[in-house]
Amino acid sequence: MPPSAQDLPLGHSAGSETPIRSSVELGAVIREQRKRLALKQLDLAGLGNTGNRFIVDLENGKPTVQLQKVLDLMDLLGLEVVVRTKSSRSTSSL
């Protein structure tokens, strides 16, 4: 039996930051967390009140998914978005 929304994690683990630079990378992080929580795509779709197709598209990196739905699913999975200024680049790469 899949966990309920109340059973899913809150907060974050220290040191588990992953820079995301593409929709494909974000989808991979979401897929990894879903699997870590032993959830099937259908389970997550049900908990997130969305369709399974949305979960498939998100995990496959579709760049046009709805942002608020993504944020809601990330919240369910115990993930969050943090925006920060990039660390400086070396002058040789400019």
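Basis for what follows: all heavy atoms, side chains included, without hydrogens, waters or symmetry-related copies.
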Asker: Report yes if some heavy atom in the side chain of Thr50 is under 4.5 Å from a heavy atom in the side chain of Asp72; otherwise report no.
Answerer: no

Asker: For the atom pair NZ (Lys35) and CD (Gln41), what is the distance rounded to the nearest 0.5 Å?
Answerer: 8.0 Å

Asker: Can you tell me how far the CD atom of Gln66 sits from the CG atom of Leu73, to the nearest 0.5 Å?
Answerer: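 Answer for the CD-CG pair, Gln66 versus Leu73, is 11.0 Å.
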
Asker: What's the spacing between Thr64 OG1 and Asp57 CG if we round to 0.5 Å?
Answerer: 7.5 Å

Asker: Treating Ile, Leu, Val, Met, Phe, Trp and Tyr as nodes and any side-chain heavy-atom pair under 4.5 angstrom as an edge, say whether Val29 and Val83 lie in one connected cluster.
Answerer: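 Yes, it is one cluster - the side chains of Val29 and Val83 are joined through contacts under 4.5 Å.
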
Asker: Write down the atom of Gly61, the atom of Ser23, and the distance for their closest heavy-atom approach.
Answerer: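 Between these two residues, the closest heavy atoms are O-OG, 2.5 Å.
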
Asker: Please determine which of Val56, Asn52, Leu58 meets the side-chain contact (heavy atoms from CB on, under 4.5 Å) test together with Phe54.
Answerer: Leu58

Asker: Are Leu77 and Leu67 connected into the same hydrophobic cluster when the rule is that any two of I, L, V, M, F, W, Y join if their side-chain heavy atoms are below 4.5 Å apart?
Answerer: yes

Asker: Are Leu42 and Ile30 connected in a single hydrophobic cluster, I mean Ile/Leu/Val/Met/Phe/Trp/Tyr linked by side-chain heavy atoms less than 4.5 Å apart?
Answerer: no

Asker: Nearest 0.5 Å please: distance from the CG atom of Leu76 over to the CG atom of Leu47.
Answerer: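 Output value for this atom pair is 6.5 Å.
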
Asker: What's the shortest heavy-atom distance between Arg34 and Leu39, and which atoms?
Answerer: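 Smallest heavy-atom distance, with atoms named: NH1-O, 2.8 Å.
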
Asker: Can you tell me how far the CD atom of Gln33 sits from the OG1 atom of Thr18, to the nearest 0.5 Å?
Answerer: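 One finds 10.0 Å between CD of Gln33 and OG1 of Thr18.
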
Asker: Consider only side-chain heavy atoms of I, L, V, M, F, W and Y, link residues closer than 4.5 Å, and tell whether Leu71 and Leu37 are in one cluster.
Answerer: yes

Asker: What about Ile20 and Val81, same hydrophobic cluster or not, with Ile/Leu/Val/Met/Phe/Trp/Tyr joined at side-chain heavy-atom distances under 4.5 Å?
Answerer: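 In one cluster: yes.
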
Asker: Tell me, yes or no, whether the heavy-atom count around Glu25 atom CD, taken from other residues, nucleotides or ligands under 6.0 Å, exceeds 12.
Answerer: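 Count over threshold, so yes.
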
Asker: Tell me, do Leu26 and Met74 make a side-chain contact under 4.5 Å, heavy atoms counted?
Answerer: yes

